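One is the number of the first residue; the rest follow in order along the sequence. Since the structure is predicted, the reported quantities are computational estimates derived from the model, not experimental observations. We use all heavy atoms of the structure for the numbers below, so side chains are in, but hydrogens, waters and symmetry mates are not.
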Amino acid sequence: MAEHPEIEVLEAFIIDVNGVTRGKWIPRDRADEILTKGLALPRSVLALDIWGRDVEAAGLAEGTGDPDGICMPVPGTLAPVPWLERPTAQVMLTMMESPDKPFFADPRAILAAVLRRFSESGLTPVVAAELEFYLIDPHRSATDPVRPPNSRSGRWQGWQTQVLSIAELHEFENLLSDISRVCTLQGVPADAILRENGPGQYEINLKHVGDAMKAADHAVMLKRVVKGIAHQHGLDATFMAKPYGDRAGSGMHVHFSLLDGRGRNVFSSDDGRGSDVMRHAVGGLVRTMGESMAVFAPHANSYRRLTHSEHAPLYASWGYDNRNAAVRLITTSGPATRIEHRVSGADANPYLAIATMLAGAHYGIANQIEPGAQMVSDDDEEFERLSCNWDDGIEAFAESEFVSQYLGDDYQKLYAACKTQELNEFRLRVTDVEYDAYLRNV
């Protein structure tokens, strides 16, 4: 902390099963201790439901004594938090089982285990995420829970789409510029910013990095920056997959390629159609997609995005430069040949989404799985229809041999338990639509 003499408090946090930050504020006089010796946090905090409640069936709280785990700082994540009034720094933590072994329930440990498989094969994933989000009015009520914001000129944005509008970037110039500035300050490699398909919807692209763990770190940090800066400017930001039922959803598109030991892109080919390795990776992604939906679409709201709308995939499909396919192949430039995985919502946990995606690719390469014919039309029923509801996604995940093999039996059970508890909560809630339809009419 010596390089930050102005800092008064350290915000130290880990990432839970839902991608939510959980941790503590540490006074400056204890910050160096945390940065060198770590911070004790309950192991059960990694397996909370979306409301922050213990999930007994996950096996980390009830009947265990709820012991602590030691959480160590992630190198390179100590950075200022300029959107808070009090001078604050942040550091990301990762929970450890022992000094040299990550705790299995930490999402970073799941991704690390998948990356070891690639390392053993002499391959390195190069990964980047693109995150869509909505800026929304912070003032809302039960009858008006979400609406587009006012611009800096005080003009209400209304319900216009205005995709790729430069004028709409101008309207939020200060906010978007602050996001870029803070990303630079925190070491988050933000790239292009654009206006997306929904009212008040934007997208920020992250640069490719040859470390998939850092790519996931960057996605988590970017979400924190966007929310923090939006709040600082008097707005809210949401990465909810479908905040408006009749408008575009928000996705997290993940691009990746694979490099061999000499730094060559093994997806590239002389004919511009992609190598056998790329084809098999696609085959694995398509084959395992149905079993992975509980990760790519982790919430009840996630499945509202996976309907006929702006470029949200409906089938476990692939195609060359086809944004309606779940897996888009980009092969126009040899070294930049890559796969774009378009299934995950912006609400997905980046570590788990990237881990499961890369696991599918590894599975396809290891088993030389053929992807079949590419998608031709938007409704190509030759492909498996992706889960339309949360129940099916959770069930397929819980029963998957692929998930057990790559994410581990223990984490498979833990994740399914957390999602099942959330699903059961939704089953208990009676919606306003049901009251409107049935209370007086049946």
Side-chain angles (χ1 to χ4, degrees), residues 13 15-22 49-52 83 129-152 156-163 168-169 171-172 175-176 178-180 182-183 188 190 193-206 218-253 296-307 309-312 343-350 353 390 422 426 429 431-432:
F13 56 85
I15 309 300
D16 78 359
V17 66
N18 280 308
V20 177
T21 54
R22 309 280 182 184
D49 69 16
I50 195 65
W51 294 279
W83 58 82
E130 301 171 347
L131 281 155
E132 297 168 339
F133 62 93
Y134 275 91
L135 295 175
I136 57 176
D137 190 327
H139 305 291
R140 45 190 176 268
S141 65
T143 57
D144 190 18
V146 57
R147 66 196 305 268
N150 292 335
S151 67
R152 67 177 180 179
W156 185 54
Q157 291 292 284
W159 299 99
Q160 297 185 50
T161 297
Q162 297 296 352
V163 63
E168 293 299 315
L169 297 178
E171 288 287 351
F172 292 94
L175 186 156
L176 298 173
D178 280 350
I179 289 174
S180 295
V182 174
C183 281
V188 177
I193 300 177
L194 59 138
R195 182 67 148 81
E196 261 296 348
N197 280 292
Q201 188 186 34
Y202 293 84
E203 175 181 297
I204 296 179
N205 300 337
L206 293 164
H218 294 158
V220 167
M221 296 300 190
L222 175 62
K223 294 173 81 168
R224 278 176 51 85
V225 171
V226 168
K227 290 183 177 182
I229 296 300
H231 183 74
Q232 190 178 45
H233 283 259
L235 299 177
D236 281 344
T238 181
F239 291 86
M240 187 176 176
K242 193 79 167 178
Y244 302 105
D246 58 349
R247 308 286 171 169
S250 292
M252 180 176 69
H253 302 154
F296 301 144
H299 306 294
N301 178 260
S302 306
Y303 293 84
R304 295 187 183 277
R305 172 177 163 265
L306 301 173
T307 57
S309 61
E310 293 83 353
H311 307 309
V343 184
S344 292
D347 57 343
N349 182 320
W390 205 13
E422 294 175 4
F426 272 83
R429 304 287 183 100
T431 68
D432 61 337

Kindly write out the residues that satisfy side-chain contact (heavy atoms from CB on, under 4.5 Å) with A297, not counting sequence neighbours, or none if the list is empty.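 M293, S302, Y303, L306.
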Report the residues that fulfil side-chain contact (heavy atoms from CB on, under 4.5 Å) with T21, sequence neighbours left out, ordered by chain and then residue number.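 Partners of T21 under the side-chain contact (heavy atoms from CB on, under 4.5 Å) test: F13, I15, R224.
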Rounded to the nearest 0.5 Å, how far apart are [atom1] of [X] and [atom2] of [Y]?
| X | Y | atom1 | atom2 | answer |
| --- | --- | --- | --- | --- |
| R147 | H139 | CZ | NE2 | 10.0 Å |
| K223 | M252 | NZ | CE | 7.0 Å |
| I179 | I229 | CD1 | CD1 | 7.0 Å |
| L194 | L169 | CG | CG | 7.5 Å |
| Y134 | K242 | OH | NZ | 7.0 Å |
| Y202 | L135 | OH | CG | 6.0 Å |

> Between N349 and V17, is a side chain to side chain contact (heavy atoms under 4.5 Å, CB included) present by the stated rule, with each step listed?
Replying inline: CA-CA 7 Å; N349 182 320; V17 66; 5.6 Å; no
Closest contact, heavy atoms only, [X] versus [Y]:
| X | Y | result |
| --- | --- | --- |
| G234 | P138 | O-CG, 3.2 Å |
| V220 | P350 | CG2-CG, 3.8 Å |
| W390 | P298 | NE1-O, 3.1 Å |
| H299 | I50 | CE1-CD1, 3.9 Å |
| C183 | L222 | SG-CD1, 3.7 Å |

Can any side-chain N or O of [X] pair as donor or acceptor with the backbone N or O of [Y] at less than 3.5 Å?
| X | Y | answer |
| --- | --- | --- |
| Q201 | G249 | yes |
| E196 | E132 | no |
| R304 | D246 | no |

Q: With sequence neighbours excluded, give me every salt bridge (charged side-chain N to carboxylate O under 4.0 Å, His left out) pair touching residues 226-240.
A: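 Salt bridge (charged side-chain N to carboxylate O under 4.0 Å, His left out) check on residues 226-240 returns R140-D236.
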Report the residues that fulfil salt bridge (Lys or Arg N to Asp or Glu O under 4.0 Å) with E130, sequence neighbours left out, ordered by chain and then residue number.
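Per chain and number, E130 pairs via salt bridge (Lys or Arg N to Asp or Glu O under 4.0 Å) with no residue.
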Taking side-chain hydrogen bond (donor to acceptor under 3.5 Å, both in side chains) as the definition, give me every residue that meets it alongside [X], ordered by chain and number, with sequence neighbours left out.
| X | answer |
| --- | --- |
| H233 | D178 |
| N301 | none |
| D49 | R53, Q421 |
| R22 | D16 |

Exercise. Should I136 and Y244 be marked as a side chain to side chain contact (heavy atoms under 4.5 Å, CB included) after you check the CA-CA gap, both sets of side-chain angles, and the distance that decides it?
Worked result: CA-CA 11 Å; I136 57 176; Y244 302 105; 4.0 Å; yes
Applying side chain to side chain contact (heavy atoms under 4.5 Å, CB included) to V146 and M240, what does each step give before you reach the verdict?
CA-CA 11 Å; V146 57; M240 187 176 176; over 6 Å; no
Check: D137 and P148 side chains under 4.5 Å, non-hydrogen atoms
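Contact flag for P148/D137 side chains = no.
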(Q) Run I193 and I204 through side chain to side chain contact (heavy atoms under 4.5 Å, CB included) and show every step you take. (A) CA-CA 5 Å; I193 300 177; I204 296 179; 3.9 Å; yes
Exercise. Which word best sums up how the rings of F133 and F239 line up, parallel for under 30°, tilted for 30 to 60°, or perpendicular for over 60°?
Worked result: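 F133 vs F239 ring planes: tilted.
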